[in-house]
Undergrad: 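Here it is, the structure, as structure tokens.
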Number of protein chains: 2
Amino acid sequence: MKVVMDINYINMNEIEKFFASKKIRVTAMRLLIYKFLAEKEVAVTLSDIENAFEKADRTTLYRTIKTFEEKAIVHQIDDGTGITKYALCEKGCNCEIETDLHLHFHCNNCNKTICLTDHKIPQIKVPEGFISENVNLVVKGICDKCSGQ
Amino acid sequence: MKVVMDINYINMNEIEKFFASKKIRVTAMRLLIYKFLAEKEVAVTLSDIENAFEKADRTTLYRTIKTFEEKAIVHQIDDGTGITKYALCEKGCNCEIETDLHLHFHCNNCNKTICLTDHKIPQIKVPEGFISENVNLVVKGICDKCSGQ
DNA sequence: CTAATGCTTGCAATGGAAGTGCAATTATTG
DNA sequence: CAATAATTGCACTTCCATTGCAAGCATTAG
């Protein structure tokens, strides 16, 4: 796939180094998708990415995201809309590590889902015999932009 | 649809009264599905119900569950598997009321999802400007039955 | 530099779950 | 019993997730 590289080269170099550190190949598609995610403040669906890159194949986007997920570059968010969303992991975010989970906010008005990375999930107690490995917490309501009006 | 009523009649009468109090009609299908849910300790998917009542149409099961949901007889659970699950509301469970939310536990081993009705969700703080209306919390790990071995 | 290898991409197709329109059936009410 | 309203079953449709295979491109060994 040929793309016009109208994107910041300095940034790109950094991303390339980042990809190398994650031991994945640097491809145009991956760079573009990474950049797209980095520019968004909200979690996106596969369809969002699809619409942003209409020339690319859905499968490629899908597998790119899956690759990112495996390498802990993005994390999946299940916000209860039924559609899986994705967002870049923050610096130092260790999504694989159970204790590092932040919560997600889903706005019922604008339908956007945001990572509240500063808001760690409190310790949840589970009954005797249960072993907690992972916690998913989604708060639904009205986001700051929608409530401000 | 004709069904063999090989089920406890005394129970059935109670369920009928319950349905009446919820202002929904008593039908064979609804009684059977309610009984099915009551006998399960875990949240079930539409497919689970489908497999249990192979003679019934999927649409009927689907709409029955939707009716139950509207009348706050069952509540939906989104446990992150991507498939919506349902469980009976407990006595006094007010799923419509945001403050009454309990957490759910999803076992990564047996793949079952359980309502931990005794475990209320702690108050979650959201940033300035955000309005919390609803909280969904799913803990994943190993359940008591699977960890006991 | 070139060939061999392996990862990446695109196309086509599949599968599963959710949801809807309509007609037929069943229950309720007057 | 007749009229009305709710419920059920069938046939589709839509949408998202996922996979197999072949072609293309990048990396490595020689």
Side-chain angles (χ1 to χ4, degrees), chain A residues 1-3 5 12 15-17 19-34 36 43-71 73-86 111 113, chain B residues 1-3 5 12 15-17 19-34 36 43-71 73-86 111 113:
Chain A
M1 185 214 177
K2 288 256 180 272
V3 287
M5 297 294 263
M12 282 295 129
I15 301 175
E16 285 187 26
K17 280 179 203 160
F19 282 2
S21 79
K22 292 285 187 178
K23 296 201 176 97
I24 60 167
R25 286 194 188 164
V26 178
T27 69
M29 221 41 253
R30 288 180 180 167
L31 287 170
L32 287 169
I33 294 177
Y34 187 92
F36 175 75
V44 300
T45 65
L46 210 53
S47 297
D48 292 335
I49 304 176
E50 224 178 302
N51 294 333
F53 301 99
E54 295 197 341
K55 287 171 194 155
D57 189 82
R58 233 211 326 268
T59 315
T60 306
L61 304 174
Y62 172 74
R63 286 197 263 233
T64 301
I65 281 288
K66 285 288 163 196
T67 304
F68 282 1
E69 225 188 312
E70 281 166 21
K71 301 296 177 179
I73 295 168
V74 305
H75 60 273
Q76 242 195 31
I77 301 160
D78 176 15
D79 64 5
T81 54
I83 302 161
T84 307
K85 295 188 178 174
Y86 303 91
N111 213 33
T113 298
Chain B
M1 185 216 178
K2 289 254 179 277
V3 287
M5 300 290 266
M12 282 295 129
I15 301 175
E16 285 188 26
K17 281 179 202 160
F19 282 1
S21 78
K22 292 284 188 179
K23 297 201 176 96
I24 61 167
R25 287 194 187 167
V26 178
T27 69
M29 220 42 251
R30 287 179 180 168
L31 287 171
L32 286 170
I33 293 177
Y34 186 91
F36 176 74
V44 300
T45 65
L46 211 51
S47 297
D48 292 336
I49 304 177
E50 224 179 303
N51 293 334
F53 301 98
E54 294 197 341
K55 286 170 195 157
D57 189 82
R58 232 207 337 261
T59 315
T60 306
L61 303 174
Y62 172 73
R63 286 197 263 233
T64 301
I65 281 289
K66 285 288 164 196
T67 305
F68 282 1
E69 224 186 313
E70 282 166 22
K71 301 295 176 178
I73 296 170
V74 304
H75 61 272
Q76 244 194 33
I77 301 160
D78 176 14
D79 64 5
T81 53
I83 303 162
T84 307
K85 295 189 178 174
Y86 303 90
N111 213 33
T113 298

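FYI, side chains are in, hydrogens and waters are out, and symmetry mates aren't considered; it's all heavy atoms of this structure. Chain letters run A, B, ... following the sequence lines, proteins first, then strands; residues in each count from 1.
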Undergrad: Return the value, rounded to whole Å, for the distance between atom CD1 of Ile24(A) and atom C1' of dT27(D).
TA: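 Taking atom C1' of dT27(D) as the reference, CD1 of Ile24(A) is at 15 Å.
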
Undergrad: Tell me: CD1 of Ile49(A) to P of dT9(C), nearest whole Å?
TA: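 Distance, rounded to whole Å: 13 Å.
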
Undergrad: Does Lys66(A) have more than 12 heavy atoms from other residues, nucleotides or ligands lying within 6.0 Å of its NZ?
TA: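 Count over threshold, so yes.
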
Undergrad: Mind calculating the distance between CD1 (Ile33(A)) and P (dT8(C)) to the nearest angstrom?
TA: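 In whole Å, dT8(C) P and Ile33(A) CD1 are 12 Å from each other.
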
Undergrad: Whole angstroms only, please: what is the NZ-P distance between Lys55(A) and dT9(C)?
TA: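 Atom-to-atom, Lys55(A) to dT9(C), this comes out as 17 Å.
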
Undergrad: Would you tell me whether Thr113(A) and Lys85(A) have side-chain atoms, one donor and one acceptor, within less than 3.5 Å of each other?
TA: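 A donor-acceptor contact under 3.5 Å links the two side chains.
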
Undergrad: Taking for each residue the nucleotide of DNA chain C bearing the nearest heavy atom, is the 5' side occupied by Leu61(A) or by Glu50(B)?
TA: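 Taking each residue's closest nucleotide, the earlier one in sequence belongs to Leu61(A).
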
Undergrad: What string of B, S and - do you get for nucleotides 16-23 of chain D, 5' to 3', when a contact is any protein heavy atom under 4.0 Å?
TA: SSBBBB--

Undergrad: Below 4.0 angstrom from OP1 or OP2 of dT8(C), is there any side-chain N or O of Thr27(A)?
TA: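 For dT8(C), OP1/OP2 do not have a side-chain N/O of Thr27(A) under 4.0 Å.
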
Undergrad: First locate atom CD1 of Ile65(A), then atom OH of Tyr34(A), and finally report the distance between them rounded to the nearest 0.5 Å.
TA: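 The CD1 atom of Ile65(A) sits 11.5 Å away from the OH atom of Tyr34(A).
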
Undergrad: Measure the CG-CE distance between Leu31(A) and Met29(A) for me, rounded to the nearest 0.5 Å.
TA: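 If we round to the nearest 0.5 Å, Leu31(A):CG and Met29(A):CE are 10.0 Å apart.
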
Undergrad: Do Tyr86(A) and Phe68(A) have ring centres separated by under 6.0 Å?
TA: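 Tyr86(A) vs Phe68(A): aromatic centres not under 6.0 Å.
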
Undergrad: Measure from the side-chain N and O atoms of Arg30(B) to the backbone N and O of Arg25(B), and report whether any donor-acceptor pair falls under 3.5 Å.
TA: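 Checked: pair present.
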
Undergrad: Within the side chain of Asn51(B), is there an N or O that forms a donor-acceptor pair under 3.5 Å with the backbone of Ser47(B)?
TA: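 Checked: pair present.
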
Undergrad: What is the distance from CZ of Arg30(B) to C1' of dG9(D), rounded to the nearest Å?
TA: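 In whole Å, dG9(D) C1' lies 15 Å from Arg30(B) CZ.
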
Undergrad: Between dT7(D) atom P and Phe19(B) atom CZ, what is the distance in whole Å?
TA: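 Spelled out: CZ on Phe19(B) to P on dT7(D) is 11 Å.
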
Undergrad: For the helix from dC1(C)-dG30(D) to dG30(C)-dC1(D), measure the angle between the helix axis at one end and the axis at the other, each built from five pairs, rounding to 10°.
TA: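 If I round to tens, the end axes sit 20° apart.
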
Undergrad: Could you check how far CG of Leu32(A) sits from P of dT8(C), rounded to whole Å?
TA: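 Taking CG of Leu32(A) and P of dT8(C), I get 16 Å after rounding.
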
Undergrad: How long is the straight-line distance from CG of Asn111(B) back to OG1 of Thr81(B), given to the nearest 0.5 Å?
TA: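 Result: 6.5 Å between the selected atoms.
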
Undergrad: Just how far, in rounded Å, is C1' of dG19(C) from CD of Glu70(B)?
TA: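 Those two atoms, CD and C1', are 14 Å apart.
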
Undergrad: Of the nucleotides dG9(D), dG10(C), dA27(C), which one has an atom closest to the side chain of Arg25(B)?
TA: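 Nearest nucleotide to the side chain: dA27(C).
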
Undergrad: Within the distance-only criterion (no hydrogens, no angle test), does the side chain of Thr64(B) pair as donor or acceptor with the backbone N or O of Thr60(B) below 3.5 angstrom?
TA: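 Confirmed, Thr64(B) side chain pairs with Thr60(B) backbone.
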
